[in-house]
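Here's the structure we're looking at; comments come further down.
Everything numeric in this text was worked out from a predicted model, so none of it was measured. Residues: numbered from 1 along the sequence shown.
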Amino acid sequence: MDHVTIRSERAGDEPGIAAAHIAAWLASVESDGARVMCVDEKDWIQQRRIRLAGIDGPTTLVAEVGDAIVGHLTWGRGPGGRSSAHRIWSCYVDPSYWGSGVACRLITVALAELAGVVVDLEVHGDNLRAQRFYERHGFRNCATSHTGARGLIRYLTRPGASGLHAAQPDGTICVCSRASSDLPAPGWPAGNSCRSEVSPALRAR
């Protein structure tokens, strides 16, 4: 598979983050019934800035292949900043890289950065692919809300939960040593074994 680098968001990344997020959203169950064929990238970027402004201490990681951003993950303090837990607010990967291990690398690096704290997130009740993904990385279903048409499932992981992988001495993080239960995207072999390359800036933190 192509070499993937996980690094922090930097100036100029917004268009790439937007393109990967929009493509993933349009291809996922989250867009079912929305009758949306396209999303304006500039409007999406503006809406993202508004959302980030409402998160306490937002941090975004991006997954990069060559010069292209193919995925991102954002975390920050829980709703209202009142909770000691941190929340993963978004995790999206371009559909061309579904099943490739990119999302696995993003979540593993994020959880390594958040070591020692409780982490939660919410998943739509009918997004089985996402539910399987988070459960493989140590998250457990702790609540279900039926306030929406499809409901939301709240997942929680605690420090030392199974599925978290320790960083290696050289700063890389080994993940995906076993086959994913998700079907790989076209062109990707099943049962990828991958090794994340973490940017020097993240290693130094």
Side-chain angles (χ1 to χ4, degrees), residues 1-10 12-52 55 58-76 87-111 119-137 139 148-155 175-176 180-190 192 194 196:
M1 62 179 292
D2 294 332
H3 181 78
V4 179
T5 296
I6 306 299
R7 61 170 176 79
S8 297
E9 179 183 1
R10 59 190 180 213
D13 283 344
E14 285 183 324
I17 291 172
H21 188 127
I22 291 168
W25 183 79
L26 290 174
S28 76
V29 295
E30 290 187 32
S31 64
D32 287 355
R35 298 180 181 177
V36 176
M37 299 303 295
C38 64
V39 176
D40 183 82
E41 185 176 293
K42 291 183 179 179
D43 180 67
W44 185 92
I45 289 173
Q46 181 60 34
Q47 292 301 315
R48 177 177 182 259
R49 290 174 180 173
I50 294 172
R51 289 193 297 271
L52 290 178
I55 299 173
T59 300
T60 297
L61 299 176
V62 299
E64 196 171 46
V65 175
D67 295 328
I69 292 175
V70 300
H72 75 97
L73 181 151
T74 296
W75 78 77
R87 170 162 293 190
I88 293 176
W89 292 94
S90 64
C91 181
Y92 287 86
V93 171
D94 186 288
S96 300
Y97 287 85
W98 285 2
S100 71
V102 170
C104 185
R105 297 178 186 205
L106 281 167
I107 192 73
T108 302
V109 174
L111 291 175
V119 182
D120 75 353
L121 55 88
E122 289 183 331
V123 179
H124 280 290
D126 55 1
N127 193 340
L128 300 181
R129 181 189 182 99
Q131 292 170 36
R132 292 195 300 267
F133 171 76
Y134 290 118
E135 288 167 2
R136 287 201 306 274
H137 287 84
F139 287 86
R150 293 171 293 166
L152 290 172
I153 298 175
R154 181 169 178 256
Y155 277 85
V175 294
C176 292
S180 167
S181 62
D182 287 336
L183 294 176
W188 291 103
N192 283 310
C194 55
S196 293

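Each of E14, R10, R48 was evaluated against T60; a single residue qualifies, R48, per the side-chain hydrogen bond (donor to acceptor under 3.5 Å, both in side chains) test.
The aromatic ring centres of F139 and Y134 sit less than 6.0 Å apart.
Put simply, the side chain of H21 does not reach to within 4.5 Å of the side chain of E41, judged on heavy atoms. A 4.5 Å side-chain heavy-atom check between I17 and W44 finds at least one atom pair inside the cut-off. Considering only heavy atoms from C-beta on, I107 comes within 4.5 Å of I88 through its side chain. Between I22 and Y92 there is no side-chain heavy-atom pair separated by less than 4.5 Å. By the 4.5 Å heavy-atom criterion applied to side chains, Q47 and R51 are counted as neighbours. Residues I69 and R7 meet the side-chain proximity criterion, which asks for heavy atoms closer than 4.5 Å.
In this structure, OG1 on T74 lies 13.5 Å from CZ on R87, to the nearest 0.5 angstrom.
Minimum heavy-atom separation, A18 to I45: CB-CG1, 3.9 Å. Pairing each heavy atom of L73 with each of C91, the nearest pair is CD1-SG, 3.7 Å. Listed here is the closest heavy atom pair of T108 and H137: OG1-CD2, 3.9 Å. Minimum interatomic distance between P95 and A23 (heavy atoms only, all atoms of both residues): CG-O, 3.5 Å. Residues A63 and I6 share a closest heavy-atom pair of CB-CD1, 3.7 Å.
Partners of D67 according to the side-chain contact (heavy atoms from CB on, under 4.5 Å) rule, which considers only residues two or more places apart in sequence or in another chain, do not exist here. Listed by chain and residue number, L52, P58, W89 satisfy the side-chain contact (heavy atoms from CB on, under 4.5 Å) test with I55 (two or more places apart in sequence, or in another chain).
In this structure, the side chain of Q131 engages the main chain of G125 through a donor-acceptor pair within 3.5 Å.
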Derivation and outcome, side-chain contact (heavy atoms from CB on, under 4.5 Å), residues H72 and L106:
CA-CA 7 Å; H72 75 97; L106 281 167; 5.6 Å; no
Go through the steps for V123 and F133 under the test side-chain contact (heavy atoms from CB on, under 4.5 Å), then give the verdict.
CA-CA 11 Å; V123 179; F133 171 76; over 6 Å; no
